[in-house]
Amino acid sequence: MSDIHFQLRSANSDDLDAVYDLFAEAASIFSKAEPEFFKDAVKDDAFREFFERTLDAPEQHFVLACAEAVPVGFIKFFAGVQPENIYSPERRFAYIHQLTVTQDLRRKGCANALIQHVKNVAQKQNISLLGIDFRSINEAARACYASNGFEVKGEVMWLCL
């Protein structure tokens with residue numbers, strides 16, 4: 001394990017540039033690997049609005065991981081209640097929508113610290129169900145999530161025509 005200590009804090013509107021840089025780094029990897037699903041990041045009004053809207057939503061959380069006060073990763077997640085619908089009963093759950101760590105600090109414990117933060121938030125809210133998804137090309141993510149206790153409960157398949 002690494003000697004790096006990651007400080008976690010809620011993101012705020014002043015973090016737009018740092019979040020964009022981390023997001024763009026990850027987006028570049030996926031846009032090259034799967035251009036039919038992903039595109040390169042663009043720092044435009046749509047990105048700004050997405051970021052601000054996430055910060056303003058009470059059940060959405062945006063947490064930065066910092067090393068020596070520099071943002072090096074983030075996690076964006078939902079924690080709350082899903083009303084009953086035709087598929088499922090009402091349930092309290094948390095769902096990780098995005099977890100990103102700068103390439104230089106991957107496999108150093110940052111993702112584990114971010115996931116543990118989500119687990120802590122969920123437990124404080126009496127949530128016992130936590131979900132996440134990832135791209136099948138990202139084997140490192142699969143291993144990280146499995147080591148944090150996640151299990152595959154479904155899969156999605158695509159056919160490119």
Side-chain angles (χ1 to χ4, degrees), residues 6-83 85-88 91-106 110-122 125 127 129-142 144-145 148 150 153-161:
F6 299 99
Q7 305 84 37
L8 306 183
R9 66 173 178 80
S10 293
N12 61 60
S13 57
D14 293 336
D15 295 316
L16 176 72
D17 291 335
V19 167
Y20 175 79
D21 291 345
L22 291 164
F23 177 78
E25 181 181 333
S28 174
I29 293 167
F30 289 108
S31 68
K32 285 178 181 63
E34 296 184 311
E36 63 278 8
F37 291 100
F38 298 98
K39 64 180 186 174
D40 286 333
V42 178
K43 191 194 282 183
D44 57 7
D45 289 340
F47 184 85
R48 225 176 314 313
E49 289 168 12
F50 168 80
F51 181 68
E52 294 291 337
R53 194 170 50 251
T54 301
L55 295 180
D56 292 341
E59 293 182 325
Q60 296 289 336
H61 303 264
F62 212 121
V63 175
L64 289 178
C66 300
E68 299 180 12
V70 175
V72 295
F74 70 79
I75 196 162
K76 179 183 161 310
F77 67 98
F78 166 89
V81 177
Q82 173 186 316
N85 62 47
I86 64 170
Y87 300 108
S88 62
R91 61 183 172 172
R92 297 184 62 71
F93 75 105
Y95 194 87
I96 298 170
H97 293 287
Q98 187 170 8
L99 191 161
T100 299
V101 176
T102 190
Q103 193 156 354
D104 295 346
L105 292 178
R106 291 183 187 150
C110 186
N112 293 337
L114 288 164
I115 291 169
Q116 186 58 53
H117 175 80
V118 177
K119 289 178 179 179
N120 293 343
V121 168
Q125 293 185 26
I127 291 172
L129 184 60
L130 173 58
I132 191 167
D133 62 67
F134 60 94
R135 300 307 296 178
S136 57
I137 62 168
N138 194 343
E139 288 297 327
R142 177 187 295 275
C144 174
Y145 303 150
N148 276 280
F150 289 89
K153 295 292 186 185
E155 296 186 43
V156 175
M157 297 174 76
W158 290 89
L159 172 63
C160 294
L161 302 174

Any chance you could measure [X], atom [atom1], to [Y], atom [atom2], to the nearest 0.5 Å?
X	Y	atom1	atom2	result
Y145	D133	OH	CG	8.5 Å
W158	E34	CH2	CD	10.5 Å
D15	R9	CG	CZ	4.0 Å
Y20	D44	OH	CG	8.0 Å
I75	H117	CD1	NE2	8.0 Å
N120	I115	CG	CD1	12.0 Å

Please name the pair of heavy atoms, one in [X] and one in [Y], separated by the smallest distance, quoted to 0.1 Å.
X	Y	value
G80	Q125	N-OE1, 4.4 Å
F51	V19	CE1-CG2, 3.7 Å
A67	L105	CB-CD1, 4.4 Å
I137	A33	CD1-CB, 3.4 Å
A122	A94	CB-CB, 4.4 Å
S88	Q82	OG-NE2, 2.9 Å

Going by atom types alone, do Q116 and N112 pair a side-chain donor with an acceptor below 3.5 Å?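 No, no side-chain donor-acceptor contact under 3.5 Å.
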Going by heavy atoms in the side chains, are [X] and [Y] under 4.5 Å from each other?
X	Y	value
E52	S13	yes
F6	L114	no
Q7	E68	no
Q60	R53	no

Could R135 and F38 be counted as a cation-pi pair, given that NZ or CZ must be under 6.0 Å from the ring centre and within 45° of the axis?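 No.
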When you look at CD of E139, are more than 12 heavy atoms from neighbouring residues, nucleotides or ligands closer to it than 6.0 Å?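 Yes, the 6.0 Å shell around CD holds more than 12 heavy atoms from other groups.
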Atom CD of E36 with >12 non-hydrogen neighbours under 6.0 angstrom: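 Enclosed.
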Do the side chain of R106 and the main chain of V101 share a donor and acceptor less than 3.5 angstrom apart?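 Between the backbone of V101 and the side chain of R106 there is a qualifying donor-acceptor contact (under 3.5 Å).
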K119 side chain to N148 main-chain N or O, any donor-acceptor pair under 3.5 Å?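 A pair under 3.5 Å: yes.
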List the atom pairs, donor and acceptor, that lie under 3.5 Å between side-chain atoms in residues 24-32 and the rest of the protein, sequence neighbours left out.
{"residue": "E25", "atom": "OE1", "partner": "T102", "partner atom": "OG1", "Å": "2.9"}
{"residue": "E25", "atom": "OE2", "partner": "Q103", "partner atom": "N", "Å": "2.6"}
{"residue": "S28", "atom": "OG", "partner": "K32", "partner atom": "NZ", "Å": "2.8"}
{"residue": "S31", "atom": "OG", "partner": "A27", "partner atom": "O", "Å": "3.1"}
{"residue": "S31", "atom": "OG", "partner": "S28", "partner atom": "O", "Å": "3.2"}
{"residue": "S31", "atom": "OG", "partner": "D40", "partner atom": "OD1", "Å": "2.5"}

Take V63 and F77 through the side chain to side chain contact (heavy atoms under 4.5 Å, CB included) test and state the conclusion after the steps. CA-CA 9 Å; V63 175; F77 67 98; 4.1 Å; yes
For this output row, return yes or no: ring centroids of F47 and F23 closer than 6.0 angstrom.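 Yes; F23 has its ring centre under 6.0 Å from that of F47.
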